[in-house]
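As structure tokens, the structure follows; a few thoughts come after it.
A note on names: the letters A, B, ... follow the listed sequences, proteins ahead of strands, and every chain is numbered from 1.
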Amino acid sequence: MAEPLPVLEMTGIVKEFPGVRALSGVDFRLFPGEIHALMGENGAGKSTLIKVLTGVYSLDGGTITLDGKSVRFGSPLQAQQAGISTVYQEVNLCPNLSVAENIFIGREPTRFGRIQWKRLRKEAAELVDRLGLDIDVTAPLSSYPLAVQQLVAIVRSVSTGAGEGQGTKVLVLDEPTSSLDRDEVLELFRLMRRLKDEGVAILFVSHFLDQIYEICDRMTVLRNGTLVGEHMVSELDQVGLIQLMIGKALDQLEELHEHQLHADVGETLLKADGLGRTGGIAPFDLEIKKGEVVGLAGLLGSGRTELARLLFGADQPDSGKVSIGGKQVSMSAPNDAIGAGVAFCSENRKTEGLVPDLTVRENIILALQAARGWTRPIPSAQRDELVGKYIKALDIRPANPEARVGQLSGGNQQKVLLARWLITQPKLLILDEPTRGIDIGAKAEIQKLVVSLSEDGMSVLYIAAELEEVLRLSHTIGVLRDRKLVARLTNGPEITSSKILETIASGEHQ
Amino acid sequence: MTTTSRWRALTHHHLFWPVAVLVVLLLVNVPFTPDFFSIRMTDGHLYGSLVSIVLFGSPLILVAVGMTLVIATGGIDLSVGAVVAITGALTCSYISDQADQNALSAVFLAMGVGLVAAVVCGLWNGFLVARMGIQPIIATLIIMVAGRGVAQLITDGKIITINSEPYKLIGGGYWLTLPFSIFVVAAVVAVTVALTRRTALGLLVESVGGNAEASRLVGIRSLRIKIMVYVFCALCAGIAGLMISSNTSAADGNNAGLWIELDAILAVVIGGTSLLGGRFSIGGTVIGALVIQTLTTTIYTIGVPTQTNLVFKAAVVIIVCLLQSPKFRAKVFGAKFGSKSGATGGGTSPATPAKTATTPEAAPKMEVS
């Protein structure tokens with residue numbers, strides 16, 4: 001299906017950051033009417049390549065050819081005008097405006113300087129219709145779930161440039177599926193196939209291998225800022241792909257699959273009685289033992305995060321009580337939980353986790369420093385030793401404590417967050433989607449870490465969208481449905497993904 | 001390290017552009033005042049344009065240093081000018097009531113009263129911002145407007161003049177051949193740097209300003225930190241108020257420290273601290289304040305006609321702000337001076353619009369200078 005002429009060709013792309021060579025001589029091409037996956041571990045240079053392509057970063061070397069013409073974009077706007085549209089993981093739209101307004105914002109049809117609202121709505125409706133979506137364009141964007149908002153973002157971006165008579169040639173989707181559930185992903189794929197049939201070249205980044213194999217035609221694999229290879233998806237199996245991505249055999253992952261959960265679970269650490277919050281999660285009882293990994297399974301929006309936030313005091317419960325180590329904790333603020341030895345890695349790394357302007361070192365010591373108070377700074381020798389130890393132990397790259405956290409890749413940012421809490425030596429570590437949006441190598445590392453932490457006696461509350469992940473790691477699995485904790489299963493050979501799915505579907509205690 | 005990479009490292013230092021502007025502004029004076037850089041000793045006191053710049057710039061440096069911390073938490077304090085007036089008014093009216101205005105104990109007590117009032121203002125601001133969740137610009141507007149009225153009330157609507165030798169020292173006296181104000185400023189700057197960088201306060205302030213929600217979830221008591229910086233800012237303004245009223249031996253509730261908040265905000269921004277909060281630089285702020293004071297001095301030395309003062313000052317401020325924008329530098333000077341857009345990424349670019357945004361705001365303040 002490869003056509004002779006690529007719509008986009010990037011050759012010898014070089015991009016340097018202070019102290020890091022993010023891309024060294026990467027080649028990349030994209031054909032019209034194909035869906036092309038960009039694969040690689042975190043820090044392999046995927047995001048950087050996309051940002052160079054879309055004009056976010058300037059180029060330090062190499063050429064970009066679009067439709068046979070050499071181009072160089074100084075800004076995302078220029079790239080967009082040339083026909084390269086991008087949709088990022090986070091939806092960058094205005095939730096308070098209507099769908100139609102969001103689609104046309106900044107380029108509303110006007111006459112005599114007045115916006116033609118009727119025409120705007122009509123055109124938006126036509127556009128949505130043409131792409132086979134069932135969305136009321138007059139409703140506010142916020143009335144739709146995140147997944148639909150994402151679709152609107154795609155509609156918006158493919159419609160930009162259309163006014164200039166050339167339309168979108170290249171659509172870049174940077175991890176659009178990471179917060180979508182299965183049905184929503186299917187909807188997204190339908191839209192992608194539609195656009196593909198219209199001749200749009202789609203660059204798709206996702207960490208879900210199954211999705212790549214389902215939708216993509218071709219893939220380019222990067223490792224450590226260099227090109228490893230370009231393959232037709234049909235010609236490379238998953239094992240081969242993973243080996244290309246991590247550059248070594250799969251022992252690491254195999255090991256994890258065979259890992260036996262240690263049975264050595266101690267006395268009760270945390271006990272929640274009738275803890276609940278209106279609009280968040282119905283009152284629940286939960287017990288977490290010392291060294292136990294409790295996994296939470298449930299669909300997106302089933303109350304997994306809400307439950308975790310209550311246990312950390314991030315939201316205030318309006319009923320029930322929590323005791324940790326036998327002592328009741330008030331949970332009126334995160335400080336109370338932290339004081340009792342609870343740590344919480346939020347699923348929203350950027351908005352609720354990291355301080356992007358601060359360095360890796362500063363981000364790592366933040367929780368410990370907050371606990372010590374401002375008058376007792378961590379002595380610099382001790383600080384550097386701690387930070388160095390965790391950068392090494394978690395293999396944070398670049399291993400430069402002075403690097404700004406905002407510049408790190410997703411997986412490395414996640415590791416910085418983990419390091420921040422591990423340094424405080426918590427009794428209970430709450431991990432909300434710690435592996436979301438990060439690559440398979442880092443995923444395996446984080447899961448191994450969870451296992452070894454629990455062996456050392458740390459309790460972990462583990463939340464993940466992937467059931468297999470929860471199954472693999474947890475001693476006990478809490479099943480959530482419709483903002484209720486509906487079941488508590490003790491993990492064992494008889495517990496399988498389908499069993500959990502059944503529980504979710506039936507919503508009944510076993 | 002090659003020469004070019006050294007040069008590159010230099011031009012990318014966060015203080016390079018503020019310092020460069022300061023140096024250029026100073027040099028501009030030389031053709032008009034050939035002995036601009038000379039410092040001479042008369043009656044055991046050092047005199048010279050450089051000394052005057054620091055002396056006259058002292059209150060602004062103090063206010064701007066306090067403002068830096070507030071801005072670093074993502075806030076702003078518009079009330080500092082009013083706090084300057086209140087502190088001066090209280091202190092001077094207390095001294096003027098004394099039989100012996102030269103009594104040291106009375107002067108100290110008077111200063112104490114003034115500074116306590118400043119701290120109370122800071123607590124009020126901090127309470128409104130941190131506890132009540134009112135937007136800083138609105139919360140501090142209250143004292144900005146009402147504070148002048150309070151100062152007028154204290155002075156009974158008059159300008160109170162005093163005649164106190166010990167009090168005169170703070171803003172108009174000399175010590176070890178230098179104006180005493182310079183020592184006060186040096187002490188406050190040193191204390192601030194120590195307070196923020198020798199303890200963890202600076203880190204926590206930057207964290208709160210950089211990402212408030214993440215800071216809450218990491219267990220930082222941001223409420224306390226915010227209240228602290230507003231109190232500290234008001235205290236700095238209070239000291240500046242002592243200095244200004246001491247320099248003139250008078251308390252003018254109406255005009256003391258008028259529009260100083262805008263100069264202070266401008267100084268902070270010139271010094272490289274983003275109005276969005278996060279990273280801050282006390283050294284940058286001091287240089288920023290010196291730039292503003294030098295500019296005022298320069299306007300006089302090169303003889304800009306009074307009517308066009310404001311236009312001239314505005315023009316220079318615009319140039320300074322443009323020079324600080326990596327985007328502008330990249331456009332005008334090419335890649336050599338322009339920061340690599342990717343490398344500085346989110347940190348610098350959000351600062352840029354904020355900087356330009358202050359320019360129009362900065363314009364009205366010049367009515368005083």
Side-chain angles (χ1 to χ4, degrees), chain A residues 15-20 22 48 51-52 55-60 74-75 309 312-314 333-339 343-346 348-359 361-363 365-378 404-407 417 420-421 424, chain B residues 5 8-9 12 14 69 72 74 194-225 228-229 232 273-274 276-280 326-327 330-331 334-335 338-351:
Chain A
K15 178 69 201 170
E16 283 174 339
F17 295 125
V20 199
T48 312
K51 285 181 176 161
V52 166
V56 177
Y57 289 162
S58 60
L59 211 58
D60 290 338
S75 71
R309 286 176 67 92
F312 185 65
N335 277 320
D336 301 325
I338 294 168
F344 172 64
C345 289
S346 164
N348 301 312
R349 284 192 291 268
K350 291 211 174 91
T351 51
E352 296 176 358
L354 299 162
V355 186
D357 263 356
L358 296 185
T359 62
R361 170 165 52 217
E362 288 167 326
N363 269 287
I365 64 165
L366 211 48
L368 184 60
Q369 188 59 67
R372 292 170 66 109
W374 67 272
T375 51
R376 294 197 303 136
I378 306 164
R404 279 196 332 118
V405 150
Q407 285 176 6
L417 265 190
R420 170 193 287 175
W421 287 114
T424 65
Chain B
S5 68
R8 202 186 166 85
H12 279 82
H14 70 281
L69 296 189
L195 199 63
T196 52
R197 298 304 181 196
R198 308 294 291 189
T199 73
L201 188 61
L203 172 65
L204 299 188
V205 163
E206 285 173 341
S207 173
V208 168
N211 188 341
E213 180 59 8
S215 301
R216 184 178 84 90
L217 290 179
V218 89
I220 295 174
R221 292 174 167 81
S222 45
L223 219 82
R224 268 187 222 175
I225 296 214
M228 256 165 80
V229 295
F232 184 78
T273 301
S274 162
L276 297 174
R279 285 267 180 229
F280 68 89
K327 258 189 198 161
K331 277 223 165 77
S339 218
K340 290 181 295 176
S341 58
T344 31
T348 323
S349 18

Report the C-alpha separation of B/L203 and A/Q369 in whole Å, then their side-chain angles, then the decisive distance to 0.1 Å, and conclude whether the side-chain contact (heavy atoms from CB on, under 4.5 Å) test is met. CA-CA 9 Å; B/L203 172 65; A/Q369 188 59 67; 4.2 Å; yes

When every non-hydrogen atom of A/P377 is compared with those of B/A200, the smallest separation belongs to CB-N, 3.9 Å

Smallest separation among heavy atoms of A/N335 and B/G219, with atom names: OD1-O, 2.7 Å

Between A/R376 and chain B, which part of the residue has a heavy atom less than 4.5 Å away: side chain, backbone, both or neither? neither

Could you measure the distance from the CH2 atom of A/W374 to the CZ atom of B/R224? Nearest 0.5 Å is fine. 11.0 Å

Looking only at B/L201, B/V205, B/L204, most heavy-atom pairs under 4.5 Å shared with chain A are made by B/L201

Between A/L354, A/L368, A/T424, which shows the greatest number of heavy-atom pairs under 4.5 Å with chain B? A/L354

Side chain proximity check, B/V218 to A/L366, heavy atoms < 4.5 angstrom: yes

By a 4.5 Å heavy-atom criterion (distance strictly below it), what part of A/A314 contacts chain B: side chain, backbone, both, or neither? both

Quick check for you: to the nearest 0.5 Å, what is the distance between B/N211 atom CG and A/E352 atom CD? 8.5 Å

So do B/R216 and A/P334 actually touch side chain to side chain, heavy atoms under 4.5 Å? yes

Contact class of A/K350 relative to chain B, heavy atoms under 4.5 angstrom: backbone

Is the closest side-chain heavy-atom distance between B/E206 and A/V355 below 4.5 Å? no

With a 4.5 angstrom heavy-atom cut-off, which part of A/L358 approaches chain B: side chain, backbone, both or neither? both

Closest heavy-atom pair and its distance - B/A214, A/G353: CB-O, 3.2 Å

Measure distances from A/S75 to the heavy atoms of chain B and classify the residue's part below 4.5 Å as side chain, backbone, both or neither. neither

Picking from B/S207, B/G202, B/G210, which has the most non-hydrogen pairs under 4.5 angstrom with chain A? B/S207

Does A/E362 pair with B/R279 as a salt bridge, N-O distance under 4.0 Å? yes

With rounding to the nearest 0.5 angstrom, report the CZ to CG distance, A/F312 to B/L217. 6.0 Å

Need one label for A/R372: side chain, backbone, both or neither, based on atoms under 4.5 Å from any heavy atom in chain B. neither

